Amino acid sequence: MEIVKDKFCIILDSLSKEAKEGFDFFCSELQRIADEYELLNKVDKLEVVCLGTMYRDIIVSAGKVNEKEDEEGVYYFFASCAMLSSAKERVTQTIQHELMHIKDMVDKEFKFNNRIWKELRKDNKLSGLIPCIWNIYVDSRIAKMKKIGISKAQRSDEFLYASRQLNLEINRKEIGNIFERLWNIEKIDFPTIINKAKELSRMKRE
Ligand SMILES: [Zn+2]
């Protein structure tokens with residue numbers, strides 16, 4: 001696996017010394033965590049792009065995810081340049097989280113299917129619920145590895161918030177119970193995440 005970074009990182013010149021060091025740390029964490037997650041032979045490259053000064057965003061795209069070289073197999077994640085000069089912990093948290101999604105996508109047992117996902121995203125509730133459940137699965141595993149990640153409380157709040165935004169007909173107590181069950185799942189695959197999202201979107205208030 002190669003980290004491609006020089007081509008599109010022109011704005012780095014305009015960053016402070018602190019932020020530049022933060023960027024080096026960002027790239028070294030990509031390498032370290034990709035190694036830890038055993039992605040080095042499964043993803044051919046991670047391309048880091050620093051966007052223009054207006055947004056100062058970093059985009060990381062992973063090539064050849066899900067065994068395809070076409071666009072369908074590419075996973076993107078976004079990070080803010082603001083984090084480069086903030087706490088290192090934030091950088092590690094973000095990369096641990098995002099690379100865990102990639103780890104799932106390249107895992108045959110996870111059965112990720114980008115074509116189906118693209119189709120489901122047209123449904124407002126499912127496009128909100130699927131990432132929500134997948135995020136819980138990602139962060140609960142990071143928590144079980146005793147790493148500093150997005151906390152259970154924070155994920156729980158987000159789940160409650162999403163349930164309100166999506167007008168799910170489930171009361172607060174039941175949302176708490178559902179979250180608890182999702183957080184404790186040991187292993188799940190993408191088709192099961194989809195089914196759980198469909199189940200939630202169809203639930204009716206008792
Ligand atoms: Zn995520």
Side-chain angles (χ1 to χ4, degrees), residues 26 29 33 37 55-60 62 65 75-84 86-105 107 109-114 116-206:
F26 184 93
E29 283 296 83
I33 297 165
Y37 287 178
Y55 299 106
R56 296 213 158 180
D57 272 347
I58 305 169
I59 305 175
V60 180
V65 168
Y75 176 81
Y76 293 95
F77 71 89
F78 299 85
S80 161
C81 275
M83 75 160 64
L84 296 180
S86 65
K88 286 184 164 183
E89 218 172 63
R90 183 86 189 84
V91 171
T92 305
Q93 263 181 6
T94 303
I95 296 174
Q96 274 179 170
H97 176 93
E98 299 297 347
L99 294 194
M100 187 69 91
H101 281 296
I102 296 179
K103 185 175 159 64
D104 285 339
M105 289 166 85
D107 177 7
E109 288 181 19
F110 186 71
K111 304 186 193 99
F112 180 78
N113 185 315
N114 204 50
I116 294 174
W117 172 221
K118 263 189 180 163
E119 202 46 45
L120 293 173
R121 268 195 304 225
K122 292 174 190 159
D123 180 299
N124 180 37
K125 280 188 178 171
L126 294 180
S127 77
L129 283 168
I130 291 169
C132 221
I133 298 173
W134 194 359
N135 279 340
I136 295 169
Y137 181 49
V138 163
D139 292 320
S140 63
R141 281 175 292 165
I142 292 171
K144 279 169 201 148
M145 294 190 295
K146 304 262 185 287
K147 291 181 188 295
I148 308 152
I150 312 227
S151 72
K152 186 178 177 183
Q154 199 182 331
R155 267 296 165 233
S156 170
D157 288 348
E158 273 175 22
F159 188 60
L160 183 65
Y161 179 74
S163 72
R164 291 290 168 269
Q165 289 290 99
L166 297 166
N167 292 318
L168 298 187
E169 292 194 45
I170 313 169
N171 66 44
R172 205 189 170 103
K173 189 167 170 272
E174 186 55 21
I175 280 288
N177 293 337
I178 293 167
F179 174 81
E180 204 56 44
R181 285 200 291 275
L182 291 171
W183 185 266
N184 288 317
I185 285 174
E186 291 282 330
K187 199 168 162 65
I188 197 171
D189 59 18
F190 195 60
T192 315
I193 289 178
I194 292 170
N195 286 339
K196 286 195 181 296
K198 284 182 177 167
E199 231 172 73
L200 286 180
S201 71
R202 283 192 299 252
M203 272 175 94
K204 288 271 171 266
R205 208 185 296 269
E206 310 230 319

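Please read all numbers here as calculations on a predicted model, not as lab measurements. As a basis for the values below, the full set of heavy atoms in this structure was taken, side chains included, without hydrogen atoms, waters or symmetry mates.
Put simply, CD on Q96 and CD1 on I150 are 9.5 Å apart, with the number rounded to the nearest 0.5 Å. The CG atom of D157 sits 8.5 Å away from the CZ atom of F179 when rounded to the nearest 0.5 Å. Going from atom CD1 of I175 over to atom CD1 of I170 covers 4.0 Å, rounded to the nearest 0.5 Å. Taken from NZ in K118 to CG in N113, the straight-line distance is 11.0 Å, to the nearest 0.5 Å. From S140, atom OG reaches atom CE of M145 across 10.0 Å, with rounding to the nearest 0.5 Å. Atom CG of L168 and atom NZ of K125 lie 6.0 Å apart (nearest 0.5 Å).
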Please tabulate, for the side chains in residues 126-138, all donor-acceptor contacts under 3.5 angstrom to protein atoms that are two or more places apart in sequence or on a different chain.
from: S127; atom 1: OG; to: D123; atom 2: O; distance (Å): 3.4
from: S127; atom 1: OG; to: N124; atom 2: O; distance (Å): 3.0
from: W134; atom 1: NE1; to: D104; atom 2: OD2; distance (Å): 2.8
from: N135; atom 1: OD1; to: H97; atom 2: NE2; distance (Å): 3.1
from: N135; atom 1: OD1; to: H101; atom 2: NE2; distance (Å): 3.0
from: N135; atom 1: ND2; to: P131; atom 2: O; distance (Å): 3.3
from: Y137; atom 1: OH; to: I188; atom 2: N; distance (Å): 3.3

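Partners of D189 under the salt bridge (Lys or Arg N to Asp or Glu O under 4.0 Å) rule, at least two apart in sequence or in another chain, are K111.
In this structure, the side chains of I194 and L120 come closer than 4.5 Å at one or more pairs of heavy atoms. Using a 4.5 Å cut-off on side-chain heavy atoms (C-beta onward), F112 and N114 make contact. Looking at heavy atoms from C-beta onward, E98 lies out of side-chain contact with K103 at the 4.5 angstrom threshold.
Minimum interatomic distance between I185 and K144 (heavy atoms only, all atoms of both residues): O-NZ, 3.3 Å. Between I142 and M100, the shortest heavy-atom distance links the atoms CG1-CE, 3.8 Å. When all heavy atoms of F159 and L200 are compared, the closest pair comes out as CZ-CD1, 4.0 Å.
Enclosure of atom NZ in K88 is not indicated, since only 12 or fewer non-hydrogen atoms of other residues, nucleotides or ligands lie within 6.0 angstrom.
Under the 4.0 Å criterion applied to side-chain N and carboxylate O atoms, K152 and E180 are assigned as salt-bridge partners. A salt bridge between R202 and E199 is absent, with no side-chain N of the basic residue lying under 4.0 Å from a carboxylate O of the acidic one. Using a 4.0 Å cut-off between a side-chain N of Lys or Arg and a carboxylate O of Asp or Glu, E174 and R181 qualify as a salt bridge. Look at R141 and E186 and you find no salt bridge, because none of the NZ, NE, NH1 or NH2 atoms lies under 4.0 Å from a carboxylate O.
Side-chain atoms of R90 and T94 include a donor-acceptor pair closer than 3.5 Å.
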Decide side chain to side chain contact (heavy atoms under 4.5 Å, CB included) for M203 and I178; before the verdict, give the C-alpha distance in whole Å, the side-chain angles of both, and the deciding distance to 0.1 Å. CA-CA 12 Å; M203 272 175 94; I178 293 167; 4.1 Å; yes
Apply the test side chain to side chain contact (heavy atoms under 4.5 Å, CB included) to residues Y37 and I102: give CA-CA distance (whole Å), side-chain angles for both, the deciding distance (0.1 Å), then the verdict. CA-CA 9 Å; Y37 287 178; I102 296 179; over 6 Å; no
